[in-house]
Amino acid sequence: MLPPGQRDYSSIRLSRHAVERFIERFDVEPLDAENGLRRALGRTRRLGRNPASGAIAVLTLHQGRVMVAIVQESTCLTVLTWNQFEPRLGEFGRPKTPRKWGRLLGRLTAPLENPDRPKR
């Protein structure tokens with residue numbers, strides 16, 4: 001079970017363009033690309049929504065590197081590195097980088113709690 005504020009997009013349709021960009025931008029082997037992208041999309045944080053197209057930008061991590069996936073309806077359209085996405089923040093309703101950036105990334109990497117184990 002994911003913590004509040006995080007979403008699982010691992011079951012959405014992946015466009016061929018998204019898989020190709022994932023291979024190109026994150027130096028992934030083509031045979032492992034789809035599974036790796038699905039694993040990364042299993043734990044995301046929403047960054048914003050583009051009102052013109054209805055696309056949603058979600059933040060995730062792949063092997064410690066920040067990745068932004070653009071999702072529209074039930075399809076992942078493309079994958080960007082943070083440096084490629086940052087100039088487009090305004091298109092997704094964010095005038096600047098999210099506050100508490102380190103904490104945001106830390107929550108994406110924190111181990112998931114086991115619901116069977118009692119909290120201390």
Side-chain angles (χ1 to χ4, degrees):
M1 181 155 202
L2 292 176
Q6 293 184 17
R7 296 179 188 229
D8 181 356
Y9 286 102
S10 63
S11 61
I12 65 173
R13 187 176 94 63
L14 302 175
S15 69
R16 184 175 2 163
H17 178 79
V19 174
E20 289 171 356
R21 295 300 78 80
F22 184 63
I23 292 168
E24 171 190 317
R25 295 173 178 156
F26 291 90
D27 197 29
V28 177
E29 291 296 320
L31 295 175
D32 301 329
E34 188 171 330
N35 287 334
L37 182 53
R38 288 197 184 282
R39 244 186 334 272
L41 290 173
R43 197 163 178 193
T44 65
R45 183 78 183 208
R46 183 178 163 152
L47 282 172
R49 182 177 171 275
N50 184 327
S53 65
I56 298 170
V58 295
L59 180 74
T60 187
L61 295 170
H62 172 70
Q63 295 180 349
R65 291 183 57 199
V66 177
M67 177 173 86
V68 177
I70 306 299
V71 176
Q72 190 170 26
E73 294 178 13
S74 62
T75 304
C76 178
L77 300 177
T78 192
V79 173
L80 304 165
T81 63
W82 179 254
N83 291 340
Q84 292 170 321
F85 177 74
E86 194 172 21
R88 294 176 176 81
L89 274 169
E91 295 174 29
F92 288 86
R94 283 206 177 256
K96 54 187 175 182
T97 304
R99 290 182 54 224
K100 301 181 182 176
W101 182 248
R103 184 180 298 176
L104 174 68
L105 297 178
R107 287 182 176 161
L108 286 174
T109 60
L112 295 174
E113 288 190 24
N114 187 348
D116 298 333
R117 193 178 74 204
K119 292 183 181 180
R120 295 182 198 191

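Applying the side-chain hydrogen bond (donor to acceptor under 3.5 Å, both in side chains) test to pairs two or more places apart or on separate chains, those with a residue in residues 96-106 are E86-T97. Counting only residues at least two apart or on different chains, the side-chain hydrogen bond (donor to acceptor under 3.5 Å, both in side chains) pairs with a member in residues 55-79 are H17-T78.
Among all heavy-atom pairs drawn from L89 and W82, the shortest one is CD2-CH2, 4.0 Å. Looking at every heavy atom in both residues, A57 comes nearest to I70 through CB-CD1, 3.9 Å.
Partners of E91 under the side-chain contact (heavy atoms from CB on, under 4.5 Å) rule, at least two apart in sequence or in another chain, are N50, R88. Residues satisfying the ring-ring contact (aromatic ring centres under 6.0 Å, His included) test with F92, not counting sequence neighbours, are F85. By the side chain to side chain donor-acceptor pair (under 3.5 Å) test, R49 pairs with no residue at all, sequence neighbours left out. For E24, the salt bridge (Lys or Arg N to Asp or Glu O under 4.0 Å) criterion is met by R21, not counting sequence neighbours.
At a threshold of 4.5 Å between non-hydrogen side-chain atoms, the residues V58 and R7 do not count as touching. A 4.5 Å side-chain heavy-atom check between L105 and L59 finds at least one atom pair inside the cut-off.
Taken from CG in D27 to CZ in F22, the straight-line distance is 10.5 Å, to the nearest 0.5 Å. A distance of 9.5 Å separates CG in L61 from CZ in R43, rounded to the nearest 0.5 Å. Atom CG in L2 sits 11.0 Å away from atom CZ in R45 (nearest 0.5 Å).
When hydrophobic clusters are built by joining Ile, Leu, Val, Met, Phe, Trp and Tyr residues whose side-chain heavy atoms come closer than 4.5 Å, directly or via intermediates, F26 is grouped together with L14. In terms of hydrophobic clustering, with Ile, Leu, Val, Met, Phe, Trp and Tyr side chains grouped at heavy-atom distances under 4.5 Å, V19 and Y9 are assigned to a common cluster. Both M67 and V71 belong to a single network of hydrophobic side chains, linked directly or stepwise wherever heavy atoms of I, L, V, M, F, W or Y lie under 4.5 Å apart.
With hydrogens and angles disregarded, a donor-acceptor distance shorter than 3.5 Å links the side chain of S15 to the backbone of C76. Under a 3.5 Å cut-off, the side chain of R25 and the backbone N or O of V79 do form a donor-acceptor pair. In this structure a side-chain-to-backbone donor-acceptor pair under 3.5 Å is present from R94 to L47.
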Side-chain donor-acceptor pairs under 3.5 Å in residues 33-42, sequence neighbours left out?
| unit_1 | atom_1 | unit_2 | atom_2 | d |
| --- | --- | --- | --- | --- |
| R38 | NH1 | S10 | O | 2.6 |
| R38 | NH1 | I12 | O | 2.7 |
| R38 | NH2 | I12 | O | 3.3 |

